[in-house]
Protein chains: 4
Amino acid sequence: MSGNTFGTLFRITTWGESHGYGVGVVIDGCPAGLPLDEADIQKELDRRRPGQSNITTPRKEEDKAEILSGVFSGKTTGAPISIMIKNKDVDSSKYEELQGTPRPGHADLTYEIKYGFRDFRGGGRSSARETIGRVAAGAVAKKILARFGVEVLGHVVELGGIRARPVSIEEIRENTEKNPIRCADPEAAGEMQAVVHMAKSEGDSVGGIVEILAPGVPAGVGEPVFDKLSAEFAKGLMSIGAVKGVEIGAGFRSALMRGSQMNDPITLKESTYGRKISMLTNNAGGILGGISNGEIIVCRIAVKPTPSISKEQCTVDMSNMSEKTIKIKGRHDPTIPPRIVPVAEAMVALVLVDQMMRGGFINTSILGDSYS
Amino acid sequence: MSGNTFGTLFRITTWGESHGYGVGVVIDGCPAGLPLDEADIQKELDRRRPGQSNITTPRKEEDKAEILSGVFSGKTTGAPISIMIKNKDVDSSKYEELQGTPRPGHADLTYEIKYGFRDFRGGGRSSARETIGRVAAGAVAKKILARFGVEVLGHVVELGGIRARPVSIEEIRENTEKNPIRCADPEAAGEMQAVVHMAKSEGDSVGGIVEILAPGVPAGVGEPVFDKLSAEFAKGLMSIGAVKGVEIGAGFRSALMRGSQMNDPITLKESTYGRKISMLTNNAGGILGGISNGEIIVCRIAVKPTPSISKEQCTVDMSNMSEKTIKIKGRHDPTIPPRIVPVAEAMVALVLVDQMMRGGFINTSILGDSYS
Amino acid sequence: MSGNTFGTLFRITTWGESHGYGVGVVIDGCPAGLPLDEADIQKELDRRRPGQSNITTPRKEEDKAEILSGVFSGKTTGAPISIMIKNKDVDSSKYEELQGTPRPGHADLTYEIKYGFRDFRGGGRSSARETIGRVAAGAVAKKILARFGVEVLGHVVELGGIRARPVSIEEIRENTEKNPIRCADPEAAGEMQAVVHMAKSEGDSVGGIVEILAPGVPAGVGEPVFDKLSAEFAKGLMSIGAVKGVEIGAGFRSALMRGSQMNDPITLKESTYGRKISMLTNNAGGILGGISNGEIIVCRIAVKPTPSISKEQCTVDMSNMSEKTIKIKGRHDPTIPPRIVPVAEAMVALVLVDQMMRGGFINTSILGDSYS
Amino acid sequence: MSGNTFGTLFRITTWGESHGYGVGVVIDGCPAGLPLDEADIQKELDRRRPGQSNITTPRKEEDKAEILSGVFSGKTTGAPISIMIKNKDVDSSKYEELQGTPRPGHADLTYEIKYGFRDFRGGGRSSARETIGRVAAGAVAKKILARFGVEVLGHVVELGGIRARPVSIEEIRENTEKNPIRCADPEAAGEMQAVVHMAKSEGDSVGGIVEILAPGVPAGVGEPVFDKLSAEFAKGLMSIGAVKGVEIGAGFRSALMRGSQMNDPITLKESTYGRKISMLTNNAGGILGGISNGEIIVCRIAVKPTPSISKEQCTVDMSNMSEKTIKIKGRHDPTIPPRIVPVAEAMVALVLVDQMMRGGFINTSILGDSYS
């Protein structure tokens, strides 16, 4: 299972289980000189935290970040940054009975087969609590990116079949954190909430689509041919539990387009620095040939409905190889997209820092604040 | 640009440009004892080759594979396998004039910005000829997989808005190679061809969707949490030029589903080896928690329309920073999906061999032929 | 500084500073099913711990290991194992004055130049406390190796110019832990102690040579050409602070030998399993062409004298770029080899597990207990 | 055997066998804009080439380099550089009889065990011809380093027991290439030649020590803790066949030193750029804490005597598991150090470019010519 490390030059390693001591991350490759304290991390963790609203699990976790290394006198030193978040509100009682009974749509079965044995409490390593380490590291990545004028913004664009209207970057900045759905279209957000509550009341769950935008990425980021910027986003985003699809720019819509529609016309735009090459549309999602072209990066992910539902489902009892049914108890989110937003942002931010380091845009030793 | 290597234990490195000496691949990590000759490679290269039909570029390339190392007495030795394919029918005349004029939808602009200079002939490194190395290596990967009962099958499921009807594995095996579209639904294939010809006659191009299936993958393959099987497929497939989206199983459809629809019910199936845990549906696409569950692996990719079109398009002249229009000449495919099929199969096969090695399913030194 | 991860399939990432919260390691890739508790780790940490004897620093550290993840019901689960050791007896008072004054032979100067800033307390990240994570992970590696009949044994063969007589494996097992020098030749150990005390009384320190043996390694381990077993040992051992040389088998002595002396004659030996190919001598140190040959693995490292000495030394004051002298206070070992023994063993064990996994000798998912 | 790639950002992959089609290397990560032609490569290959003098094998190989990709209009493009060298003077007749008979001191036995089968002709992949790819890639690395004022110089300091007197950098530049031994002390070179001839006439071979110096490396290169500059040199150098030991600076001599002798005093030196921190001695070999300190890098390797000797040796016949003796025929060097010099230089150069890229000293996309 040596797959718990992500990145080449800006590299994170996560650890921890849902009902164990806690979860954590080691960030290796953060340059020296970045002001960093626990509040920087906490801000992002609070966006991912359970119990934020009535559409998230009632599990009560403070998810308090502790920085254990790599920071001295309020600044990063270049050494690995170890961050730990202890588990508090652990209730494993509901899981004992699931020990030999894999939950449909969960990793229970595959972990059991692969490892012959598993920490079944709360999903163990395959729990969504694993993503805490990603978000903590993403907070550091975002702080670095901010120094270079790069922003990473996620929002829910579709939930339970309700689609948000097209929104501007300003609306996303403005509206997203104002509703529990994290949808930048307030009207759609209201409808989405209604759909979620309905599904919840039926013991069911709903899926949705999250969009992540990154304005400010300079042209030239990405390493062809296998480590294309798009390929790294795809890997990072698809590695998040519950994500079943990733698209860049026009994505699956591009399958329906003609070349004359898809190709973004190249043009010149006046900017404060003189004439600048730019695109009239952004079907490419800011990436051509795996390299950023200076336009806004656009990724979208398909998020499946929460697999933990209280409706009756078919499964098997592995202890005696017989069929049975289960209704899943425990505390679960009726929909994942609102809480996956900070996780997806984190993955995009981690990829961007790593690739900007690989391309020489960010110095790996001492943090500067421009690309020169 | 140190991004030309793919894989951890079964690792390929590709090289070469469209109009240079040739293209090639070094396969590192192939176990000893695999019977291998150039015909094994050629078979797959011929599926990717230009000039196969009237919907592909008329460029005449034999794409003849030469194995330069790693094979002795007809069998692999465990040493790196170097494969070279020389370029033959090179005509760079059409490209001279494009030197300072980036083609919309192409990597011309981003390569120029990133490297300050580029081999503009035929797209240089960013040409689709780069995928020859992938296909050659994929041929070796497929031959290994066959030893373990794993098959990799690609087919076009949508083209220019025409959607194929759902088909069985048998139909895919039977029909796909019988029409130039590589569509397993012969009727849809006919309509797709018509759409392609119409677009071509208008100087335009069409996009589509390719599905790749892998039956026979044993349960337990994939390394959580970042190197999930799904994440590796996403990276591998998104790294292919023209791919703008990747989905696994129900993919983007899962965003519209309820948990009770999405979760694949777990059941018992009688098999020749006794009762076996299996799923009643396959919305998961054969992967749960990043680990294969024993069902058929299902990936789909969105392929954008060919960016090279002869319609007039807006671009800029970088030599004097002025706007201009171009009509692209040269020899181009009016649609990419039919020829991307073997490339996508190759990426799926490469990921599978690598992950089966990482999980201990395939010995890295001497090739056996069972999982024990 | 993304250099804090070691290994390919069995991979460790260490973190922590001398005078920070603590130090730790995340072990990624440990197969499921290994019985593991904190006592397994503690046993090895106690061998590395300060304050063991009058030839080690008087710093009082319990170095108590806490396992934070990856173990459930007393067994590893395949998930990352996070181990933390808190710092206790931290006294940074002696270091404040050294802030702008790099100590000769230390990393102070180079960290200052590379990162523009450093945690100067106790050497920060460049302190020997960094090796605690290696030893903790090495304890896990050794436990895995033991399942496959592989042992890793270190001992001091030279210290302050005193050379131990040649000893047998049995003497090493028997005598090494019985004296504070960790020398398997008790007489030499006594002389070495005298030399150390003399140097210490003069405010000076001494260097030495440590040998690490690994009996039981099966033939066939090691991945040519760059990841030769010898090359991985060289990297792992040279990455330990204070190590200035690494040799395998006859090592530097081989420069003085003729081919007819150096080549180990190949012969047949009767064993319980029938006739077995074996070598009459072991100048190769168990490795030919980068692959283990079934003989005992033999590595030796040159360890420089402790750079922290109380004798007056020349250095500079970086705050005003003037020359000055310093006498280093603080608590230091007068010699490093005795305490480096468990660290060097750890690195050899880590390389062996990783390479045995890469070569298919150890399953990466579920721990078995034979090579088959 | 997925161990044929070396480096992180400047990464090479080698392929090829002694008596196959040829050998080659793919260099991935070379920045765009480096003027490069085949003569640059040839210059270094000619230093490694067989048949240079009467102390090298009489095998006649032109070792002509062909650049197959990555260079356009005389400059690198950032794409992978594929270099191929065809084998010409192949004579496998002497090897047929050795098929089942492993040569002592060679990799024959271990390859046979690991892969169950091997290309026995001329040592196959384990032949010293494998190093041609390293030297070709090293030539590119050296050309990059030269842009930054970094030089890499190897010379033989000991051969067959004859030790060269200490020499200056100027003497090394001046004298090394003037004698077939590559010894910068002309008198010692003469004696060494005599020793080699004597050994050869007796059907035997001699070992030696090679030193590699790298003046001009800026302070701050190297990534603690596992990827220390010293650790990377150790891995790169130990991965060369016939190398049995690696040391940095005072190396094994440091084991005999007191701290007060070993520690290099820190001082200030007037330079054209003002006062500069520098060391009075260089026992550290230019590396402190794994990071370069601005002094000359000093590495030394122990090279074992050529294992191929014509004296009678004991071995076994694996076909019938009986003991036998052999006298090795074929064409062999009576000593390796003179021809290993360019190989060792290449490895040092490769590590330096890779680490200077990792540390942000060399841009990975477009080659500049200063550190700023």
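Numbers restart at 1 for each chain; the letters A, B, ... are given by sequence-line order, proteins then strands.
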So which atom in A/Leu9 and which in A/Asp354 form the shortest heavy-atom distance, rounded to 0.1 Å?
N-OD1, 2.7 Å

Quick one: what part of A/Leu109 sits under 4.5 Å from any heavy atom of chain B, side chain, backbone, both or neither?
side chain

Which portion of A/Arg134 sits near chain B, non-hydrogen atoms under 4.5 angstrom
side chain

Choice from B/Ala284, B/Cys299, B/Pro334, B/Pro337 maximising heavy atom contacts with chain A below 4.5 Å:
B/Ala284

Of the listed B/Ser254, B/Gly105, B/Ser308, the one with the largest count of heavy-atom pairs under 4.5 Å with chain A is B/Ser254

Can you confirm whether B/Lys276 is buried at NZ, in the sense that more than 12 heavy atoms of other residues, nucleotides or ligands lie under 6.0 Å from that atom?
yes

Is it true that a side-chain atom of A/Glu295 and a backbone atom of A/Met279 form a donor plus acceptor pair closer than 3.5 Å?
yes

From the list B/Thr325, B/Ile12, B/Thr315, the residue making the most non-hydrogen contacts under 4.5 Å with chain A is B/Thr315

Does the side chain of B/Thr281 come under 3.5 Å of the side chain of B/Asp264 through a donor N or O and an acceptor N or O?
yes

Could you check which of A/Arg258, A/Met238, A/Lys228, A/Lys304 has the highest count of heavy-atom pairs closer than 4.5 Å to chain B?
A/Arg258

Under a 4.5 Å heavy-atom cut-off, does chain A meet the side chain of B/Val206, its backbone, both or neither?
both

Compare all side-chain heavy atoms of A/Ile328 with those of A/Gln313 and state whether any distance is below 4.5 angstrom.
yes

Would you mind checking which part of B/Pro102 comes under 4.5 Å of any heavy atom in chain A, side chain (CB onward), backbone (N, CA, C, O), both or neither?
both

For B/Ile209, is there any backbone N or O sitting under 3.5 Å from a side-chain donor or acceptor partner on B/Glu158?
no

Heavy-atom distance under 4.5 Å to chain B: side chain of A/Thr306, backbone, both or neither?
backbone

Interface residue of largest heavy-atom contact number with chain B, from A/Ala107, A/Pro305, A/Ala250, under 4.5 Å:
A/Pro305

Nearest non-hydrogen partners of A/Val25 and A/Trp15, listed with the distance
N-NE1, 3.7 Å

Scored by heavy-atom pairs under 4.5 Å with chain B, the best of A/Gly161, A/Ser322, A/Pro307, A/Pro265 is A/Pro307

After noting the C-alpha distance and the side-chain angles of A/Lys327 and A/Glu312, does the key distance pass the salt bridge (Lys or Arg N to Asp or Glu O under 4.0 Å) rule?
CA-CA 5 Å; A/Lys327 293 179 178 188; A/Glu312 191 171 76; 5.0 Å; no

Main-chain N/O of B/Gly249 paired with B/Arg300 side-chain donor or acceptor, under 3.5 Å:
yes

Looking at B/Thr267, B/Leu256, B/Leu280, B/Ile301, which one has more heavy-atom pairs under 4.5 Å with chain A than the rest?
B/Thr267

Contact part of B/Leu159 toward chain A, heavy-atom cut-off under 4.5 Å: side chain, backbone, both or neither?
neither

Distance-only check: which donor-acceptor pairs under 3.5 Å involve side-chain atoms of residues 285-292 of chain B, not counting sequence neighbours?
unit_1   : atom_1 : unit_2   : atom_2 : d
B/Ser292 : OG     : B/Pro218 : O      : 2.6
B/Ser292 : OG     : B/Gly220 : N      : 3.1
B/Ser292 : OG     : B/Val221 : N      : 2.9

Answer key: most heavy-atom pairs under 4.5 Å with chain B among A/Ala219, A/Gly259, A/Gly203 is A/Gly259

Show me the side-chain donor-acceptor pairs of residues 230-237 of chain A shorter than 3.5 Å, one per line, residues at least two apart or across chains.
unit_1   : atom_1 : unit_2   : atom_2 : d
A/Glu232 : OE2    : B/Lys235 : NZ     : 3.0
A/Lys235 : NZ     : B/Asp227 : OD1    : 2.9
A/Lys235 : NZ     : B/Glu232 : OE2    : 3.0

Verify, without hydrogens or angle tests, whether B/Thr110 (side chain) and A/Asn293 (backbone) share a donor-acceptor contact under 3.5 angstrom.
no

Taking B/Ile113, B/Ile277, B/Val303 one by one, which has the highest count of heavy-atom pairs under 4.5 Å against chain A?
B/Ile277

Please determine, among A/Met257, A/Lys324, A/Met318, the option with the most heavy-atom pairs under 4.5 Å with chain B.
A/Met257

Chain B interface, residue from A/His106, A/Met347, A/Met321 that has the most non-hydrogen pairs under 4.5 Å:
A/Met321

For A/Thr5, which atoms come within 4.5 Å of any heavy atom of chain B: side chain, backbone, both, or neither?
backbone

Below 4.5 Å, heavy atoms only, C-beta onward: do A/Val298 and A/Ile248 meet side chain to side chain?
no

Sort B/Glu130 into side chain, backbone, both or neither according to what part of it lies under 4.5 angstrom from a heavy atom of chain A.
side chain

Heavy-atom pair count under 4.5 Å with chain A, highest-scoring of B/Gly222, B/Gly359, B/Ala242, B/Gly241:
B/Gly222

Name the region of A/Asp108, side chain, backbone, both or neither, that has any atom closer than 4.5 Å to a heavy atom of chain B.
neither

Under 4.5 Å heavy-atom distance to chain A, tell me which part of B/Ile309 shows up: side chain, backbone, both or neither.
side chain

